[in-house]
Protein chains: 2
Amino acid sequence: MDNPLALKLSSFTDLSGGDLAALDAVIGTPILRDAHSDLIQDGERPEKVILLLRGWACRYKVLEDGSKQIIAYLVPGDLCDPHVFILDAMDHSIGLLTDAALAFISRDAIIHLTDCCPKIARALWWSTLVDEAVLRHWLVNLGQRDAFDRVAHLFCELWDRLRQVGLKEDDELEVPLTQEQIGDTMALTTVHVNRVIQRMRTEGLVSIKRKKIRVHDLPRLRELCGYDPSYLHLRRRSQL
Amino acid sequence: MDNPLALKLSSFTDLSGGDLAALDAVIGTPILRDAHSDLIQDGERPEKVILLLRGWACRYKVLEDGSKQIIAYLVPGDLCDPHVFILDAMDHSIGLLTDAALAFISRDAIIHLTDCCPKIARALWWSTLVDEAVLRHWLVNLGQRDAFDRVAHLFCELWDRLRQVGLKEDDELEVPLTQEQIGDTMALTTVHVNRVIQRMRTEGLVSIKRKKIRVHDLPRLRELCGYDPSYLHLRRRSQL
DNA sequence: CGCTTCATTGACCCAAATCAATCTACGTGG
DNA sequence: CCACGTAGATTGATTTGGGTCAATGAAGCG
């Protein structure tokens, strides 16, 4: 299966052949975009739903004083706001962190998809609820945890999310983020992110290869920061 | 109109008489509960959707080390997670901050309501998207703003949300929260919240009457903290 | 080879935390 | 009616995690 959305939704529900075909149909020809371009900007009115097929993106908000907060990461298989048409205008931007392949899905196609395939509708709901749970978890991170635990939690979460869409077969995680981006995510300065990662490195938890951070020792990282992945709701509700 | 949910949804869409009747029907006899009790706890599986009719509640998460983060406030008219049945278990708790009146709505009643009344279904969707926008805004607050601005933003938001459900006719806002609760919300210690509020008091922005904080000078508070309420999406999308 | 983008390091600073008392207003039982 | 207990608000002294500022590497690239 090379449709990361289908793969992600499958981790929640059993999709039929028809469901899978419907999910493939909405994608069409992938559109390629370069890193650092914005998919949609704060204040714009979205006309399409964006599905990320390859690469990484993020939601972010820039304040008047120039400070920036990354609000969420989008990885392959993530669909931004299937029901965003209801609102008037975006209250944040979505930008690409890497080169990416995208599918732009029209409002009508989304409506058709959910009307035809109740399982998909339900699975998209689930996905939306998980996105919200992740947001709540980030809020708890920023509010209550120190710098080390914040960064460690981020790595643990990305590990689990990438594994869910089949992008992690090995036992290492490669993080394609600059230390500045990690800082904008966890509300730390580049300098401090660097010091945290230094510490992780001297403790043998991560290493740097070609400017990319690699996480080796996930079990110990999890234990050190008290990570509990239940908020990702990776298991489906038993009776469904 | 004494149904705060109907009032809230009306601010987004025009509800018919039938819609209003349907919304009244799901409420039934309000249930009274005392402050400080939990409506649902972390790890439990919700069986009913909770509608808050009177009083204040909050979502919160307690960490292993005992620290607590308030994740959201629920005020009259707020419905928690209309689609929470999809998930396996709660990843946070919901507790009452004041004495309250509630309606517990069954899963079937929610499904019936949304199946019969497409306008209500859409308005509930809108409400869910606004909740998520508020959460994103809080994340930006915790990550990028200093103590004064965080507390000021909270007051401004509560002002707008209460006005939306008809609980604010005068030009003052009474905040029924302890300084400790404000601290747990904005990730500050009680001591520091107190100092921030002292400052607001000496600058004539708020006052304390009978242990309740009262906000007088909203315009200046808004200006001082750079508050922009667009994230609450109080205006409906024009063409709907 | 010179840019440019990231990563790294050191010296110093500050907003907010911590610790530790008070103070105040209620509410309650006697 | 009052002494007492308790939750919450205040205040002061001190500490600290992380920020700020300012260079210095180091790798990739046109």
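Since we're looking at a predicted model, the values are computed, not measured. Reminder, nothing fancy here: chain letters follow the sequence lines and each chain counts from 1.
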- [ ] Return each pair, listed once, that meets ring pair (Phe, Tyr, Trp, His ring centres under 6.0 Å) where at least one residue sits in residues 46-80 of chain A; pairs must be two or more places apart or across chains.
- [x]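 Listed once each, the pairs are Tyr73(A)-Trp138(A).
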Task: Contact summary for Thr128(A) and Glu132(B), nearest pair of heavy atoms - done: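 Shortest heavy-atom separation between Thr128(A) and Glu132(B) comes out as CG2-OE1, 4.2 Å.
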Task: Heavy atoms of other groups near Arg222(A) CZ, more than 12 under 6.0 Å - done: yes
Open item on the list: Let's see if you get this right: which residues in residues 135-155 of chain B place a heavy atom under 4.0 Å from DNA chain C?
Closed with: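 DNA chain C contact set from residues 135-155 of chain B: Asp146(B), Ala147(B).
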- [ ] Have a look at Arg59(B) and tell me which of Asp42(B), Asp81(B), Asp78(B) forms a salt bridge (charged side-chain N to carboxylate O under 4.0 Å, His left out) with it.
- [x] Asp81(B)
Open item on the list: Please check: side-chain N/O of Lys61(A) versus main-chain N/O of Asp91(A), any donor-acceptor pairing under 3.5 Å?
Closed with: yes
Task: Arg45(A) CZ to Ile40(A) CD1 distance, which is reported to the nearest 0.5 Å - done: 10.5 Å
- [ ] Determine whether more than 12 heavy atoms belonging to other residues, nucleotides or ligands lie under 6.0 Å from atom CD of Glu174(B).
- [x]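 Check passes, neighbour count above 12.
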Task: The single option from Asp149(B), Asn141(B), Leu154(B) passing side-chain contact (heavy atoms from CB on, under 4.5 Å) against Cys225(B) - done: Asp149(B)
Open item on the list: Under 4.0 Å from OP1 or OP2 of dT8(C): is there any side-chain N or O of Arg201(A) that close?
Closed with: yes
- [ ] Check each residue of residues 182-196 of chain B for a non-hydrogen atom within less than 4.0 Å of any atom in DNA chain D, then write out the ones that pass by number, or none.
- [x]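 Those residues are Val191(B), Asn194(B), Arg195(B).
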Task: Asp217(A) side chain vs Arg220(A) backbone, donor-acceptor pair below 3.5 Å - done: yes
Task: Enclosure of Glu44(B) CD (heavy-atom neighbours >12, cutoff 6.0 Å) - done: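 More than 12 heavy atoms, drawn from other residues, nucleotides or ligands, come within 6.0 Å of this atom.
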Task: Terminal axes of the helix from dC1(C)-dG30(D) to dG30(C)-dC1(D) (five pairs each): angle between them, nearest 10 degrees - done: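 Roughly 40° between the end axes, to the nearest 10°.
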Open item on the list: If I compare all heavy atoms of Pro4(A) with all of Val165(A), which pair ends up nearest, and what's the gap?
Closed with: O-CG1, 3.9 Å
Task: Span of DNA chain D, from the first to the last nucleotide whose atoms fall under 4.0 Å of chain A heavy atoms - done: dG18(D) to dG28(D)
TODO: Look only at the side chain of Gln144(B) and the backbone of Ala187(A), and say whether a donor-acceptor pair between them is shorter than 3.5 Å.
DONE: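 No, the answer is negative, given that no donor and acceptor are paired below the 3.5 Å cut-off.
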Please list, pair by pair, any protein nitrogen or oxygen found under 3.5 Å from a nitrogen or oxygen in nucleotides 22-26 of chain C.
unit_1  : atom_1 : unit_2    : atom_2 : d
dC26(C) : OP1    : Arg210(B) : NH1    : 3.4

TODO: Could you check Leu129(A) against His233(A) for side-chain contact (heavy atoms from CB on, under 4.5 Å), going step by step and ending with a plain yes or no?
DONE: CA-CA 9 Å; Leu129(A) 292 175; His233(A) 299 278; over 6 Å; no
Task: His216(B), Lys212(B), Glu172(B) screened by side-chain hydrogen bond (donor to acceptor under 3.5 Å, both in side chains) with Ser207(B), the one that passes - done: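 Answer after filtering His216(B), Lys212(B), Glu172(B): His216(B).
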TODO: Take the angle between the ring planes of Tyr231(B) and His137(B) and call it parallel below 30°, perpendicular above 60°, tilted in between.
DONE: parallel
